[in-house]
Asker: 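Submitted below is the structure of interest, expressed as structure tokens.
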2 protein chains.
Amino acid sequence: MEKDKGKITLKDVARMAGVSRGTVDRVLHNRGDVSKRSYDNVMRVIKDIGYEPNIYASILAHDQNRSVVLLLPSYHTGEYWEMAARGAEQAKAYARTFNVSIETVLYDQYDIDSFREACIQLLGLSPAAVVLAPVFRNETAVLTAVLRERGIPYSYVDTKLEEDGYLTFYGMPMYKSGYLCAELLFDSIASVPEAADQMKVALIRIERDRNRKSDPTATRREGFFDYMTEHYPDVEIRSVFINPRDPESIVGTLSAFFTANPGITHVAMFNSRIHLIAPALEILRAGDMPRAVGFDNLDGNLAALRRGSIRYLITQHTDEQTRLAVNSLVDYLVLNKEPERRDNYMHMDILSRNNVDDY
Amino acid sequence: MEKDKGKITLKDVARMAGVSRGTVDRVLHNRGDVSKRSYDNVMRVIKDIGYEPNIYASILAHDQNRSVVLLLPSYHTGEYWEMAARGAEQAKAYARTFNVSIETVLYDQYDIDSFREACIQLLGLSPAAVVLAPVFRNETAVLTAVLRERGIPYSYVDTKLEEDGYLTFYGMPMYKSGYLCAELLFDSIASVPEAADQMKVALIRIERDRNRKSDPTATRREGFFDYMTEHYPDVEIRSVFINPRDPESIVGTLSAFFTANPGITHVAMFNSRIHLIAPALEILRAGDMPRAVGFDNLDGNLAALRRGSIRYLITQHTDEQTRLAVNSLVDYLVLNKEPERRDNYMHMDILSRNNVDDY
DNA sequence: ACGGTTTCCGTGCGCGCGCACGGCGAATTG
DNA sequence: CAATTCGCCGTGCGCGCGCACGGAAACCGT
């Protein structure tokens, strides 16, 4: 494209503008102490010959110690937010090639005070940029106000607030994911739609979400129901609530449910925890496994997929989201690169037993 | 994690190892002229304190004009290899942050002489690294021999030769992709397997491949047949050959085929060109569209997917493959980073009408 | 005319590393 | 034993830029 041969340097610009390197430098950084005449000269030369600073020399001379801090919900092994942490780990490799370090601050997503503390801790780290998963919306708004005031760029992952101070957002299209879930579930009778009247669906939900007003999967459920209404309006759909904190109880809960609701042929679960019910299905329905579709590539889910107790997983790449969010901030910080898109809805992957291996 | 404050430099290593900067440098680059004693000392210190070179200083001092050259089949808009070129374009962004430029040399994949010429042209560019799509296997072997002799690292995309001089390979698991194709195609009767005896499959193939001994999709077809034998041994499978150079003829060919073979319910195509037959299906089978599954995310294929004339596409991310191959070479050149894996079989994406939007 | 500001500008140093050059002691050779 | 070679090593320069320092005009008031 452009000739890299006779690389144009700041010195060249200085010479061509009839000034010194220092003056060009002052112009480039709007640092004042430059006469209008010199300023114009320099600017003209820069435009004319298309000078671009050498970022390596710049960074080397600068030698800053930037760090990107992630603010995420804490997690146990195998849980949803672990994937985000994994993505952060991957981003580290990229960041460290730019001498940017990555730190993570965790909070309890069910304890607003821990979030407040985490915010204070985060600011104490004096981050060069921040990645947020905004579970507590009001408190997050407070934090981002501070960040904006301090000129610290930040990005959202998973969910975003409706404001426009953020650099990027990486998330999943929730409504569509529910729609897709229904489609995959009922693709099993696509060639014989008249079989629909023998089909019956169980939606597995979390006990705690039953009375929760802000269920994060509500939109997804909406997409699911819309698909069903459009394509299979007469199929029966039942909900059953399990308690994820007490895995022992799940077999019992489902056993009672299947007895009370015979003929369940399809199972769906809208959060990331379908791995919790896979063993129960294997025990209770070994003979005639219902077709099950769930979300997210947790290790437990992938294992169940491989065992055959789950037919499809729809994944949103939480790790990728985090990785890309960090990278966008690093690019912005180091290379002055504006992101291509502010809002990035990630592609949903469909995982089956036969394409999970090279995942 | 590590303290970035007192950044460890090459000079520190030298001091701690009781040698000079030059010696450390020689060790780092395996440049010889170092006594075993000094070598061991330096290596130990490096391990101990976890020294990592500052790439900015490194690149700045280096200031070479390396270029990575891609050797790919030429293409028209909307064809398979265009995706590889697109991936190269994306890699450019990454490469340029390291002052590495990307060049592409194209050849006619049906003309061996053009390949030979391309090889000469490539060597004339004195590349720092090369990415290859080895259509002509024998000639490619000749080229790679030269590259090895000159110490130029290279990577394969799409296909590889069975040798072990390459740095990385990025491709798709072909057998599995065929297996997956069959599964997706017949998932439509998964809940009512007894419907299988009313199903009939058409495999659309390319006229030119009929007598070709090295059909690149042969392995894929094998996976497909294995799945069918295992799960639906009695389903009828018919092949029909079309001429992609004469799109006008396709409707006629398929029309005759459907007449001769009534009751086709499923259609599969193992190369990237299923977009060629989508219009024909829309015309000939508007009333009862067969279920069609194809490969690769060509724009034409995606459009047909959106229109509903294709049910699923299995994609192998040719663009990603190329991008990653280039990146692995850049990392190797600039950062001395060995690739994590030599052979990288890419994940296969399943695309349906409902997850294609954010692709 | 002279001291004191203000405005504007040039120069030198250092960031950490790659590499060429030259040097020094020990081994080898005639 | 002197001359040469060889193995090993240290030093200096430059990559392009940021920034601090100091200095030269120009301007001002007395």
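By convention in this document, chain letters (A, B, ...) are assigned in the order of the sequence lines, proteins followed by strands, and residues within each chain are numbered from 1.
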Asker: Under 4.0 Å, heavy atom to any atom of DNA chain C: which of residues 26-51 of chain B qualify?
Answerer: B/H29, B/R31, B/Y51
Asker: Counting only side-chain heavy atoms from C-beta out, which of D/dC17, C/dG10, C/dG16 sits nearest to A/T23?
Answerer: C/dG10
Asker: Does the pair A/E320/A/R323 count as a salt bridge with the N-to-O cut at 4.0 Å?
Answerer: yes
Asker: Please determine whether a side-chain nitrogen of the Lys or Arg among A/D343 and A/K160 lies less than 4.0 Å from a carboxylate oxygen of the Asp or Glu.
Answerer: yes
Asker: Tell me what B/D25 touches on the nucleic acid: a base, only sugar-phosphate, or nothing, going by heavy atoms under 4.0 Å.
Answerer: base
Asker: Could you give the CG-to-P distance, from A/D12 to D/dG16, as a whole number of Å?
Answerer: 8 Å
Asker: Identify, with sequence neighbours excluded, every residue that meets salt bridge (charged side-chain N to carboxylate O under 4.0 Å, His left out) alongside B/E82.
Answerer: none
Asker: So that I can compare with my own list, what are the stems of DNA chain D, taken as at least three consecutive Watson-Crick or G-U pairs with distances under 3.5 Å?
Answerer: C:1-30 with D:1-30
Asker: Counting only side-chain heavy atoms from C-beta out, which of C/dG10, C/dG18, D/dC9 sits nearest to A/V19?
Answerer: C/dG10
Asker: Just so I know, are the side chains of B/L71 and B/C119 near enough to count as touching, which here means a heavy-atom distance under 4.5 Å?
Answerer: yes
Asker: In whole Å, what is the span from the CG atom of A/N54 to the C1' atom of C/dC17?
Answerer: 14 Å
Asker: Tell me which one of A/V24, A/L10, A/D12 satisfies side chain to side chain contact (heavy atoms under 4.5 Å, CB included) with A/Y51.
Answerer: A/L10
Asker: Give the nucleotide from the list D/dC17, C/dG10, C/dG18 with an atom nearest to the side chain of A/S20.
Answerer: C/dG10
Asker: Just call it for A/L60: base, sugar-phosphate, or nothing, with non-hydrogen atoms closer than 4.0 Å on any strand.
Answerer: base
Asker: Return yes if a side-chain donor-acceptor contact under 3.5 Å exists between B/R148 and B/Y154, otherwise no.
Answerer: yes
Asker: Nearest whole angstrom, please: distance from the P of D/dG10 to the CZ of B/R21.
Answerer: 11 Å
Asker: Would you please indicate yes or no on a ring centroid separation below 6.0 angstrom for B/Y345 and B/F169?
Answerer: yes
Asker: B/D40 pairs by side-chain hydrogen bond (donor to acceptor under 3.5 Å, both in side chains) with which of B/R44, B/K36, B/R37?
Answerer: B/K36
Asker: Whole angstroms only, please: what is the CG-C1' distance between A/L10 and C/dG12?
Answerer: 15 Å
Asker: Rounded to the nearest angstrom, tell me the gap between atom CD in B/E52 and atom C1' in C/dG16.
Answerer: 14 Å
Asker: Show your reasoning for whether ring-ring contact (aromatic ring centres under 6.0 Å, His included) applies to B/F115 and B/F136.
Answerer: CA-CA 8 Å; B/F115 183 78; B/F136 299 105; 5.4 Å; yes
Asker: I need the CD1-C1' distance between B/I55 and D/dC15, as an integer number of Å.
Answerer: 15 Å
Asker: Check every atom of C/dG18, D/dC19, C/dC17 against the side chain of A/H62 and return the nucleotide holding the closest atom.
Answerer: D/dC19
